Amino acid sequence: MNIVFFSSKPYDEIWFTPLCKDYGYNPIYLESKLDEHTAPLASEGDAICAFVNDDLSANTIKALSKCNIQGIFMRCAGFNNVDLDACHMYKIPVMRVPGYSPEAVAEFAMGLYLTVNRRIHRAYTRTRDFNMNINGLMGHDIHNKVAGIIGTGKIGQAMINICKGFGMQVIAYDPFPVGNLDVKYTPLDYLFANSDFISLHCPLTEGTKYIINEDSISKMHDGVYIVNTSRGKLIKTDALLNALLTPGKIGGVGLDVYEEESDLYYEDKSNEIMEDEKLARLTTFPNVIITSHQGYFTREAMQSIAIETMENAYALFNNLPLRNQVLRNHQ
Ligand code: NAI
């Protein structure tokens, strides 16, 4: 069986090549992002493997069906970039890796908060220049501060544990609360109004798009910290930029994801003119850190993604139950 990997990077091949060999599958690695124009490159494949910024909208799925693709393996947890109605129509099952290492993402989210709060990113550049002045680098204790966690699934729960470890008070919002979770669930507006630090861990859906917007930001108190390691479109960038320009409103922001990241992230654009003015503007704030969707990027997570993807392939190619299949109306 041939599996065509789109958006493939050398670090993907390191993990997938030996496993494909073990399972008897032939990987075909393509650097191209998947979209309706590149989908015909899958014609050599029995299935494809895609990632977070591939475009699996209806036209792409139609083009994949013309290549007789039997299945789509998402090597990630999120599937907001997949048109599940089209997959249903063309009878192409979609599988994902639901929980490869929630800790990897939660640890990274806390890392962003710690870094931006204590201005470690700025201290790093100063000391490399032997500028040992600490003016402007004052942060706050996070002990006893209130963490507001939006989305209490696997990553949100890992984040709650980490926040508790730092002695924070934790409140949470999730429309589907977890029964026995030791956390105080609150209405969303209460969370906005009472959190010193807000961390986003819900999926991107029609209901969560721009959950951070002008209105929700106006409910937050001055000096709030916001970290997004989930999906870029959870935050309306224009609203965030306006808030950052309001003196004292925002303590700091950590963004591992950005709403227009799909053509930028995972690529080296350092020799090009940055055309995305909002991203360029965001990078100018001393209290904003941007990383390019690397929250998942640990050895443990990569290994787990590769193993679970191979298990998904094995199930598909052997007509076994598809336990990681994503169906229409999946929450
Ligand atoms: P999960 O499915 O275990 O949990 C998601 C939670 O969000 C569920 O409890 C669900 O009820 C809740 N939710 C749904 N609608 C909501 C709403 N309107 N408001 C608040 N909560 C809502 O997913 P998991 O594994 O915890 O991942 C969360 C997200 O993290 C993924 O959807 C993905 O977008 C992102 N992610 C980012 C990575 C990175 O590298 N930065 C890596 C992996 C995932």
Side-chain angles (χ1 to χ4, degrees), residues 7 9 11-12 50-54 74-82 84 94 96-113 147-163 170-181 183 185-192 195 198-213 216 226-235 254-259 261-262 265-266 289-302 304-305 308-309 323-327 329-331:
S7 301
K9 299 285 180 196
Y11 47 78
D12 293 314
F51 197 45
V52 288
N53 287 328
D54 286 314
M74 298 303 295
R75 52 180 190 279
C76 54
F79 49 87
N80 52 283
N81 50 338
V82 185
L84 294 173
V94 180
R96 65 170 178 146
V97 184
Y100 43 86
S101 175
E103 289 75 19
V105 184
E107 288 167 10
F108 194 79
M110 180 50 95
L112 287 176
Y113 175 37
I149 308 300
I150 299 182
T152 56
K154 289 174 281 301
I155 298 172
Q157 289 177 38
M159 191 63 186
I160 288 170
N161 287 336
I162 290 172
C163 290
V170 186
I171 57 177
Y173 169 75
D174 194 312
F176 308 99
V178 180
N180 54 359
L181 195 62
V183 72
Y185 280 105
T186 70
L188 193 53
D189 282 353
Y190 180 94
L191 183 148
F192 287 141
S195 299
I198 294 172
S199 197
L200 299 173
H201 300 291
C202 55
L204 174 63
T205 63
E206 282 306 313
T208 60
K209 184 178 173 191
Y210 294 158
I211 196 168
I212 304 296
N213 55 36
S216 51
I226 302 171
V227 165
N228 187 7
T229 54
S230 204
R231 284 293 180 267
K233 281 196 169 64
L234 295 179
I235 297 184
L255 300 177
D256 188 42
V257 288
Y258 167 62
E259 66 169 312
E261 72 177 49
S262 64
Y265 283 21
Y266 303 123
I289 299 184
I290 292 170
T291 51
S292 53
H293 208 143
Q294 65 173 88
Y296 75 99
F297 200 40
T298 65
R299 267 189 290 281
E300 292 79 1
M302 291 298 288
S304 177
I305 288 169
E308 200 64 22
T309 302
R323 65 190 164 93
N324 290 328
Q325 185 171 9
V326 191
L327 297 167
N329 305 321
H330 197 110
Q331 287 294 330

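Here the structure is a predicted model, which means the values were calculated and not measured. The figures here come from the full heavy-atom set of this structure, side chains too, leaving out hydrogens, waters and symmetry mates. Numbering of ligands and ligand atoms starts at 1, following listing order.
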Contact summary for Leu327 and Leu84, nearest pair of heavy atoms: O-CD1, 3.5 Å
Contact atoms of ligand 1, heavy-atom distance to Ile150 under 4.0 Å: 20 (C)
Numbering as shown, the atoms of ligand 1 that approach Tyr296 to under 4.0 Å (heavy-atom distance): 39 (C), 40 (O), 42 (C)
Close side-chain approach of Ile211 and Ser216, heavy atoms under 4.5 Å: no
Residue Pro98 vicinity, atoms of ligand 1 by number, heavy atom under 4.0 Å: 25 (O)
Nearest non-hydrogen partners of Ile212 and Phe192, listed with the distance: CD1-CE2, 3.7 Å
Thr229 N/O to ligand 1 N/O under 3.5 Å: yes
Parallel, tilted or perpendicular: rings of Tyr296 and Tyr266 (30°, 60°): perpendicular
Geometric N/O contact Arg231 with ligand 1, under 3.5 angstrom: yes
Test salt bridge (charged side-chain N to carboxylate O under 4.0 Å, His left out) applied to Glu259 and Lys209, step by step: CA-CA 10 Å; Glu259 66 169 312; Lys209 184 178 173 191; over 6 Å; no
For Val105, the ligand 1 atoms whose distance to one of its heavy atoms is below 4.0 Å: 38 (C), 42 (C), 43 (C)
Test of proximity, Tyr100 against ligand 1: N or O pairs below 3.5 Å: no
Where ligand 1 meets Tyr173 - atom numbers and elements under 4.0 angstrom, heavy-atom basis: 19 (N), 20 (C)
Of the listed options Pro203, Ala104, Ser230, closest to atom 5 (C) of ligand 1 (non-hydrogen atoms): Pro203
Ligand 1 contacted by Leu204 (non-hydrogen, < 4.0 Å): no
Proximity of Cys76 to ligand 1 by residue part, where a heavy atom lies under 4.0 Å: neither
Distance (rounded to the nearest 0.5 Å) between Ile198 CD1 and Tyr113 OH: 11.0 Å
Min side-chain heavy-atom separation His201-Thr152 under 4.5 Å: no
Lys209, His201, His293: member with heavy atom nearest to atom 28 (C) of ligand 1: His201
Ligand 1 contacted by Pro175 (non-hydrogen, < 4.0 Å): yes
Reported CG-to-CE distance for the pair Asn80 and Met74, which is rounded to 0.5 angstrom: 8.0 Å
Close approach, Gly207 and ligand 1, non-hydrogen under 4.0 angstrom: no
Chi angles and distances behind the side chain to side chain contact (heavy atoms under 4.5 Å, CB included) call for Ile235, Leu255: CA-CA 10 Å; Ile235 297 184; Leu255 300 177; 3.8 Å; yes
Mode of Phe79 contact toward ligand 1 - side chain, backbone, both, neither (heavy atoms, under 4.0 Å): neither
Structural part of Ile155 in contact with ligand 1, heavy atom criterion under 4.0 angstrom: both
Residue among Val257, Asp256, Ile290 satisfying side-chain contact (heavy atoms from CB on, under 4.5 Å) with Tyr265: Ile290
Per-atom contacts, ligand 1 versus Gly151 - under 4.0 Å to a heavy atom: 7 (O), 20 (C), 21 (N)
With a 3.5 Å cut-off and sequence neighbours excluded, list the donor-acceptor pairs that the side chains of residues 99-106 form with protein atoms.
{"unit_1": "Ser101", "atom_1": "OG", "unit_2": "Ala104", "atom_2": "N", "d": "3.2"}

Numbered atoms and elements of ligand 1 in range of Gly295, under 4.0 angstrom, heavy atoms: 40 (O)
